[in-house]
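Note sheet for the following structure.
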Amino acid sequence: MGREPQKIQGVPRHIGIIMDGNGRWAKQRGLPRTAGHKVGADTFQKITNYCAKIGVEVLTVYAFSTENWARPKEEVDTIMDLLRSYLKNSFKQTRKDIIVRFIGDRAPLAEDIRRMMADAEARTRDSKGMILNVAVNYGGRAEIVMAARELAQQAVNGELSPESITEELFSGELYTAGQPDPDLIIRPSGEHRISNFLTWQCAYSEFVDMNVLWPDFKEKHLDAAIEEFKSRDRRFGGI
């Protein structure tokens, strides 16, 4: 067995990953798109465990967006079945100290998936390690609308005044409430879009685009992205 990776000095507290390129990976090999998602799921497990080992505090992965329902039914069904498999086997394949959370609108998901999500969160709630946010049926704009509606309702109820709403108060109504904003967002596959991912939270994130498809993404690619992050001069609007 290989040596346990050491915690990296200066590792980002919160990393977001847009897991992109599964379909293209499969197409390049003459395989159905569903095959790419299956290999991509294995990559997700490996990278999740690696992030926990090197000292990342929060990892947020984009698994299924609100727009992905428009994909072919067979592909959507495969992604949902892979999610079921992850939920059933996550405690065997994922480090026991990881806190699992799901962000996004669960209402359209199958009842068994919603039940397993709640169970996974309950089982890992008291863990002491990295927080893993799995974004399922997630959209950044929809999240902002959700938070705005909640604050508007509180104002209607007389629980707060519109003048008292601050960025901090707004952030407290998001799925990631209480977590640091992402320091680094990684997008494999060579694309250069945010794709409605953590729209509010990424205001001062560093972005690293990588010309590697997600199923081929390895620990060395994450290391390279972190090294690129560490070379950036983060001024947050200052000088």
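Side-chain contact between F197 and R187 is absent, with no heavy atoms from C-beta onward closer than 4.5 Å.
Remark: E227 engages K230 in a salt bridge, criterion side-chain N to carboxylate O under 4.0 Å. Using a cutoff of 4.0 Å between basic side-chain nitrogens and carboxylate oxygens, R24 and D216 are not scored as salt-bridged. Taking 4.0 Å as the cut-off between side-chain N and carboxylate O, R115 and D112 do not count as a salt-bridged pair. Using a cutoff of 4.0 Å between basic side-chain nitrogens and carboxylate oxygens, E121 and R106 are scored as salt-bridged.
We find the OG1-CD1 distance between T176 and I131 to be 10.0 Å, quoted to the nearest 0.5 Å.
Side-chain N or O atoms of Y62 include one that pairs as donor or acceptor with a backbone N or O of S195 at under 3.5 Å. Formation of a donor-acceptor pair under 3.5 Å by the T60 side chain with backbone atoms of G16 is not found in this model. Listed for the R232 side chain is a donor-acceptor partner under 3.5 Å among the backbone atoms of F207. The closest donor-acceptor contact from the side chain of W214 to the backbone of G40 lies under 3.5 Å. Side-chain N or O atoms of H14 include none that pairs as donor or acceptor with a backbone N or O of P12 at under 3.5 Å. Of the possible donor and acceptor atoms, none in the side chain of H37 sits under 3.5 Å from a partner among the backbone N and O of T34. Although no hydrogens or angles enter the test, the distance criterion places a donor-acceptor pair under 3.5 Å between the side chain of N137 and the main chain of D105.
When hydrophobic clusters are built by joining Ile, Leu, Val, Met, Phe, Trp and Tyr residues whose side-chain heavy atoms come closer than 4.5 Å, directly or via intermediates, L174 is not grouped with Y204.
Q201 and Q179 are not linked by any side-chain donor-acceptor pair at a separation below 3.5 angstrom, with hydrogens and angles left out of the test. W200 and S171 form a side-chain donor-acceptor contact under 3.5 Å, judged by distance and modelled atom types alone. Between the side chains of N157 and Q153, at least one donor N or O sits under 3.5 Å from an acceptor N or O.
Under a cut-off of 6.0 angstrom, the local environment of CZ in R141 is sparse, with at most 12 non-hydrogen atoms contributed by other residues, nucleotides or ligands. Heavy-atom contacts from other residues, nucleotides or ligands closer than 6.0 Å to CD of E167 number 12 or fewer. Residue Q28 places its CD atom among more than 12 non-hydrogen atoms of other residues, nucleotides or ligands, all under 6.0 Å distant.
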How far apart are the C-alpha atoms of K220 and D223, what are their side-chain angles, what is the distance that settles it, and do they pass the salt bridge (charged side-chain N to carboxylate O under 4.0 Å, His left out) test? CA-CA 5 Å; K220 66 180 181 180; D223 289 342; over 6 Å; no
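For the pairing with F64, the ring-ring contact (aromatic ring centres under 6.0 Å, His included) check across Y86, W69, F102, F44 returns one residue only, W69.
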